[in-house]
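What follows is a single structure, written as structure tokens, with notes after it.
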2 protein chains.
Amino acid sequence: MAFDEALARVRTGGGRLTGARRELLEDLHRRAGRVTAEELASRHPGVDQATVYRSLAHFEEVGVIEHVHLGHGPASYRWAGTRTIAAVCQECGAVIDLPADELDALARRLDDEYGLELSLGHFALSVRCPACR
Amino acid sequence: MAFDEALARVRTGGGRLTGARRELLEDLHRRAGRVTAEELASRHPGVDQATVYRSLAHFEEVGVIEHVHLGHGPASYRWAGTRTIAAVCQECGAVIDLPADELDALARRLDDEYGLELSLGHFALSVRCPACR
DNA sequence: TTCTTTGCAAAATGTTTGCAGATAC
DNA sequence: GTATCTGCAAACATTTTGCAAAGAA
């Protein structure tokens, strides 16, 4: 998603585009990878941790970012719309990004057989990476 | 896995089969479904919460149980070896158990293309259930 | 001017740890 | 007898909340 579109979305439903939000959005957009709330907070010392969480929640509500659970630690956030899914190595913790297409066949089966709509984000796949096998 | 086999496993490497552990094992075995540490602790008031966590960790180490993250709440534990995977509805939180075979094709692809060994437990699939669509 | 957002501090949630005494083997 | 396990209480990590002041529209 383009940065400007994100700015517009943040304002939907009376949302305000504050300094803190703009700062966080720029960071999230620029890096494109995954970040935890704690990393964001520490990179933006002027922005309170509570504000980081509240901003992230708002960004997610308006579809600007999405979060995924990579393991036992904190959630990871990234700019929305990247069609990849995370696989986490259970042993070394490495995160491997896979094209989301890999799940297309599974998604189709789950839909056909159970009426379930598979959503790509939110949970990682649990794997063992080549190095750890 | 049979209950007796579990008892044996708990003793591997000098592990002791204590009253608390036997109680928890019986509960986990009998119910076969998923339980959180907190539920276990409250069903066994004589067993301290710390003991529950430590026992669960030990049971998992010796392969008697496995845990999965179903969402934002606590982890869920269940008797090992059940070949199903959990799908969690993002909207209503319902947990749907699917035959693990559904992931066989995906597992094969991930192995062939990336050298990744997919492991079935630990993370749930994120879905929208028929009722919520 | 009005409604939203912020910072701060405190609470809530889920889990882990240190330690001295109890228990399994 | 000796190493492991337990309860207790305190710490920890992540996230959420209440509230009064500040800021966006």
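Note that the structure is predicted; figures quoted are calculated from it, not measured. Naming: A, B, ... by sequence-line order, numbering from 1 per chain. FYI, side chains are in, hydrogens and waters are out, and symmetry mates aren't considered; it's all heavy atoms of this structure.
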Between [X] ([atom1]) and [N] ([atom2]), how many Å, whole number?
X: L56(A); N: dT5(C); atom1: CG; atom2: C1'; answer: 14 Å
X: F59(A); N: dT4(C); atom1: CZ; atom2: P; answer: 17 Å
X: L25(A); N: dA24(D); atom1: CG; atom2: P; answer: 15 Å
X: E23(A); N: dT6(C); atom1: CD; atom2: C1'; answer: 13 Å
X: E61(A); N: dT4(C); atom1: CD; atom2: P; answer: 13 Å
X: D48(B); N: dG18(C); atom1: CG; atom2: C1'; answer: 14 Å
X: L40(B); N: dT6(D); atom1: CG; atom2: C1'; answer: 17 Å
X: L24(A); N: dT5(C); atom1: CG; atom2: C1'; answer: 13 Å

Using only side-chain N and O atoms of [X], determine if any of them is under 4.0 Å from OP1 or OP2 of [N].
X: T18(B); N: dT23(C); answer: no
X: R16(B); N: dA3(D); answer: no
X: S55(B); N: dC5(D); answer: no
X: Y53(A); N: dT16(D); answer: no

On DNA chain C, nearest-nucleotide positions of A20(A) versus G19(B): which is more 5'?
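Its nucleotide being nearer the 5' end, the pick is A20(A).
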Select from R22(B) and A75(B) the residue whose nearest nucleotide in DNA chain C is closer to the 5' end of that strand.
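Upstream on the strand: A75(B).
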Between the base of dG18(C) and the side chain of R54(B), is there a donor and acceptor pair under 3.5 angstrom?
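Between dG18(C) and R54(B), which were checked side chain against base, a qualifying N/O pair under 3.5 Å is present.
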Scan Q49(A) against the nucleic acid and name what it touches under 4.0 Å (heavy atoms): base, sugar-phosphate only, or nothing.
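Base, at least one base heavy atom under 4.0 Å.
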Please work out if G13(B) contacts a base, only the sugar-phosphate, or nothing of the nucleic acid, heavy-atom cut-off 4.0 Å.
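Result for G13(B) = nothing.
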Over its full length, what angle do the end axes of the helix from dT1(C)-dA25(D) to dC25(C)-dG1(D) make, each axis taken from five pairs and the result rounded to 10 degrees?
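For the helix from dT1(C)-dA25(D) to dC25(C)-dG1(D), the axes at either end differ by 40°.
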With sequence neighbours left out, which residue pairs that include part of residues 71-106 of chain A fulfil the ring pair (Phe, Tyr, Trp, His ring centres under 6.0 Å) condition?
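Counting only pairs at least two positions apart or across chains, the ring pair (Phe, Tyr, Trp, His ring centres under 6.0 Å) contacts touching residues 71-106 of chain A are H29(A)-W79(A), H67(A)-Y77(A), H72(A)-H67(B), H72(A)-H69(B), H72(A)-H122(B).
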Pairs involving residues 86-116 of chain B, ordered by first then second residue, that meet ring pair (Phe, Tyr, Trp, His ring centres under 6.0 Å) (sequence neighbours left out):
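Those involving residues 86-116 of chain B do not exist here.
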If you assign each of H72(B) and L17(B) to its closest nucleotide in DNA chain D, which residue comes earlier from the 5' end?
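Closest to the 5' end, via its nearest nucleotide, is L17(B).
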Starting at the 5' end of DNA chain D and moving along, which residue's nearest nucleotide shows up first, G73(A) or R11(A)?
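The residue mapped nearer the 5' terminus is G73(A).
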So, [X] and [Y], do they make that salt bridge, N to O below 4.0 Å?
X: R9(A); Y: D4(A); value: no
X: R22(A); Y: E26(A); value: no
X: R108(A); Y: D104(A); value: no
X: R83(A); Y: D97(A); value: no

Please determine, for the side chain of R21(A), which listed nucleotide (dG23(D), dT6(C), dT15(D)) has the closest atom?
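Closest nucleotide to the R21(A) side chain: dT6(C).
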Distance-minimising heavy-atom pair for A86(A) and R34(A):
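Minimum heavy-atom separation between A86(A) and R34(A): CB-NH2, 3.5 Å.
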Just by distance, with hydrogens left out, do T36(A) and S76(A) show a side-chain donor and acceptor under 3.5 Å apart?
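There is no such pair between these side chains.
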